[in-house]
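The chain is numbered in sequence order, starting from 1.
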Amino acid sequence: MPDVLTIGEAMVSLRSSRALRLGGDVHLSIAGSESNVAIGLARLGHDVAWLGAVGNDEPGHLIQRTLRAENVDTTHLRFTDVSFTAFIAFDQPAHDITRVSYHRRGSAASTLTAAECVGALEAAPPRILHVTGITPALSATAREATLAAVQTASAAGIHVSLDVNYRARLWSRPEAATALRPLLPHLTTIFASDDELDILTDAPNPTAALLSTGIKEVVTTAGSKGAWTHTESGTIHHPALSVTVVDSIGAGDAFVSGYLSATLDNLTPEARLSRATTSGAFCVGTHGDWESLPTRADLPLLETPNGT
Ligand code: CKP
Ligand code: MG
């Protein structure tokens, strides 16, 4: 039984230290929330598979090769000839400003189907299924695929985790609400930043309302203010670690991978938040969405500052 299956879109990423229109050197890598989480979990020693579709092109092969190198199981990676691998560009039009542009409409990942997600879950049921609110924004079939995956997993008693990850460039908040609210009855854990909860519910006390639907825990983050886990037994808070932030993109995924890792290790809610916060702190210290994610041996370096 694999520990985790994640489903989503992985893209090739181009990173420039100035405005992209000026040309010059770019750093080529991969990006994508769900594959970032998969890499984070694999680095922490878990057995994790990523499901997604990529173009039968060089970027698609870069994604496969990178995930394999990071010990992520790519059995469920599908190459398609009908569409291309998406790309994401990160450039710096001004000092300290990272601009993100997507080139993903009609991409390979938008051909994701319910049948392939359900098939993967049935062939090798994981302990946790992790999805994000990005995938249903890609296309109608990707939306159906996400819903079918969470329905199948929850019916099989699998822990289902959703990171809301609202992306204003992909859809409006009402569109996201329409697509994400039907997922709620099937979820075990929700990750959201504090300004994303109103996408999931109109209730004045969103966390209480979400817990009353049977969701076991709602984990909220607010950057440097730290993170909270809300359960029926109450709310606990964990402060953010004090580190120099170089690049915060990917921090949410790092946080999720640390949290799910500690969940797989059956740790307490406090310890889950602690590992999540530590993973997030590793991610923000350098450029790149996933490159600086910690291994298990790395965790104490930030848990006990200066590594002492
Ligand atoms: O919420 P995060 O900053 O952790 O997410 C970053 C990822 O998938 C990044 O890799 C990017 O490609 C994306 O989120 C996205 O689609 O925006
Ligand atoms: Mg996020």
Check: Which class fits the ring pair F87 and H103: parallel under 30°, tilted 30 to 60°, perpendicular over 60°?
Finding: parallel

Taking atom CZ as the centre, does R169 end up with more than 12 heavy-atom neighbours from other residues, nucleotides or ligands that are less than 6.0 angstrom away?
yes

* To do: May I ask you to check whether E217 and T189 show a side-chain donor-acceptor distance below 3.5 Å?
  => yes

* **Short N-O contact, D25 and R15, less than 4.0 angstrom** => no

Do the side chains of D265 and R275 get close enough for a salt bridge, i.e. N-O under 4.0 angstrom? yes

The single option from L210, T207, T213 that satisfies side chain to side chain contact (heavy atoms under 4.5 Å, CB included) with T201 is L210

After noting the C-alpha distance and the side-chain angles of V54 and M11, does the key distance pass the side chain to side chain contact (heavy atoms under 4.5 Å, CB included) rule?
CA-CA 8 Å; V54 297; M11 294 164 280; over 6 Å; no

Notebook entry, point to check: Side chains of D194 and T220: do they bring a donor and an acceptor to under 3.5 Å?
Noted result: no

Do S29 and E291 get their side chains close enough for a donor-acceptor pair, meaning under 3.5 Å?
yes

Query raised in the report: Is there a side-chain contact between T188 and I215, using heavy atoms and a 4.5 Å cut-off?
Result: no

Check your understanding: Does a donor on one side chain and an acceptor on the other come within less than 3.5 Å for Y166 and S193?
Key -> no

Taking every heavy atom of T132 against every heavy atom of L162, the minimum-distance pair comes out as C-CD1, 3.8 Å

L264 vs V4, test: side chain to side chain contact (heavy atoms under 4.5 Å, CB included). Steps then yes/no.
CA-CA 9 Å; L264 290 161; V4 180; 3.7 Å; yes

### Heavy-atom side-chain proximity of L129 to T6 below 4.5 angstrom
no

Applied to residues 65-92, the salt bridge (charged side-chain N to carboxylate O under 4.0 Å, His left out) test, sequence neighbours excluded, yields R43-E70, R78-E116, D91-R99

So NE2 of H130 and CD1 of I128: to nearest 0.5 Å the spacing works out to 10.0 Å

Of all heavy-atom pairs linking T111 and A53, the shortest is OG1-CB, 4.0 Å

Result for side chain to side chain contact (heavy atoms under 4.5 Å, CB included) between F282 and one of V284, T286, T278 points to T278

So OG of S274 and CG of L299: to nearest 0.5 Å the spacing works out to 8.5 Å

Sorted by chain and residue number, the salt bridge (charged side-chain N to carboxylate O under 4.0 Å, His left out) partners of D198 (sequence neighbours excluded) come out as R173

Check your understanding: Does a donor on one side chain and an acceptor on the other come within less than 3.5 Å for S107 and E9?
Key -> yes

* Asked: Between T277 and F255, does a side chain to side chain contact (heavy atoms under 4.5 Å, CB included) hold up when you go through it step by step?
  -> CA-CA 6 Å; T277 304; F255 179 93; 4.1 Å; yes

Side-chain heavy-atom pair W290, T66 within 4.5 angstrom cut-off
yes

Practice problem: Evaluate the criterion side chain to side chain contact (heavy atoms under 4.5 Å, CB included) for residue pair L200 and L183; output intermediate values, then yes/no. | Solution: CA-CA 10 Å; L200 301 179; L183 306 180; over 6 Å; no

Indicate yes or no: at least one non-hydrogen side-chain atom of L184 is less than 4.5 angstrom from one of I190.
yes

Note: C283 and L293 closest approach over all heavy atoms is CB-CD2, 4.3 Å

Counting N and O atoms only, with roles assigned by atom type, does the side chain of T231 sit under 3.5 Å from a partner on the main chain of S233, one being a donor and the other an acceptor? yes

Output for pair (S161 OG, L187 CG), nearest 0.5 Å, gives 8.5 Å

Linking I/L/V/M/F/W/Y whenever their side-chain heavy atoms sit closer than 4.5 Å, directly or via other members, would L180 and V218 fall into one cluster?
yes

Rounded to the nearest 0.5 angstrom, the CG-OG distance for D253 and S279 is 11.0 Å

- prompt: Is there a chain of hydrophobic side chains (I, L, V, M, F, W, Y, each step under 4.5 Å between heavy atoms) that links I249 to V26?
  reply: no

Between the CG atom in N56 and the OG1 atom in T85, the distance rounded to the nearest 0.5 Å is 8.5 Å

Can you find a pair of side-chain heavy atoms, one from E34 and one from I7, that are under 4.5 Å apart?
-> no

- prompt: Between S248 (side chain) and A251 (backbone), is there a donor-acceptor pair under 3.5 Å?
  reply: no

| request: I would like to know whether D47 and R127 meet salt bridge (Lys or Arg N to Asp or Glu O under 4.0 Å); could you show each step before the answer? | output: CA-CA 10 Å; D47 178 358; R127 286 176 62 195; over 6 Å; no

Establish whether V164 and L273 are linked, either directly or via other cluster members, by ILVMFWY side-chain heavy-atom contacts under 4.5 Å. no

- Message: Measuring only between side-chain heavy atoms, which start at C-beta, is P126 closer than 4.5 Å to L121?
- Response: yes

Query raised in the report: Using 4.0 Å as the upper bound for N to carboxylate O, is an ion pair formed by E232 and K216?
Result: no

Taking every heavy atom of R18 against every heavy atom of G24, the minimum-distance pair comes out as NH2-CA, 3.6 Å

dist L44:CG -> S257:OG (nearest 0.5 Å) comes out at 6.0 Å

What orientation do F79 and H61 show, parallel under 30°, tilted 30 to 60°, or perpendicular over 60°? parallel

Q. Are the side chains of L51 and L77 in touch, meaning some heavy atoms are under 4.5 Å apart?
A. no

Closest non-hydrogen atoms of S261 and L41, given as atom of the first, atom of the second and distance, are N-CD2, 3.6 Å

S110 and S139 side chains, donor-acceptor separation under 3.5 Å: no

Please check if L62 and Y102 belong to a single hydrophobic cluster, counting links between Ile, Leu, Val, Met, Phe, Trp and Tyr side chain heavy atoms closer than 4.5 Å.
no

Under 4.5 Å between side-chain heavy atoms, hopping through other hydrophobics if needed: is there a path connecting L260 to I158?
no

Legend entry - Side-chain donor-acceptor contact under 3.5 Å, T263 with H159: no

Scanning both residues in full, the closest heavy-atom pair of R272 with Y259 reads NE-OH, 3.3 Å

- Within-4.5 Å side-chain heavy-atom neighbours: T152 and V118: yes

Any side-chain donor-acceptor pair under 3.5 Å between S33 and N36?
no

